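Since we're looking at a predicted model, the values are computed, not measured.
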Amino acid sequence: MSCIEMANGKPHNHKATPIDVLYALADPNLKVELAEPDRWSPGFIDFMSKVMVVAPADRLDAAGVAEHPFIVGVDAVLPREGIADVIAKLDEHIAAKRAAAAATAAEQQ
């Protein structure tokens, strides 16, 4: 669902009340689609068609998701890093920005 929200730029049923969204998610006929499928690669569209299946028995399981060509192909574009490494790099970046802002503020005083 998060992939659909990011691709479409807004949550599915974003104008509905929270309770209506919960009822909609329980609907076995729920159909969520990409708003602009032409913008996305065939691999992403295929991935979404296999993970956005309501019936769990028909949906890709975690191993199937991890082995899907769209997910496996990400390594060629964006090498995988541990989440801890990404967070550490982000923390370093934020700390450097804050230090630079503090130094600029101190110079202006």
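- Cluster annotation: Val65 is connected to Met48 through the hydrophobic network of ILVMFWY side chains, with a link wherever side-chain heavy atoms come within less than 4.5 Å.
- Here the NZ atom belonging to Lys50 is positioned 3.5 Å from the CG atom belonging to Asp46, to the nearest 0.5 angstrom.
- Residue Leu60 comes nearest to His68 through the heavy atom pair CD1-CD2, 4.1 Å, listed as atom of the first residue, atom of the second, then distance.
- Minimum heavy-atom separation, Ile45 to Trp40: CD1-O, 3.7 Å.
- Distance CD/Glu92 to NZ/Lys97: 14.5 Å, rounded to 0.5 Å.
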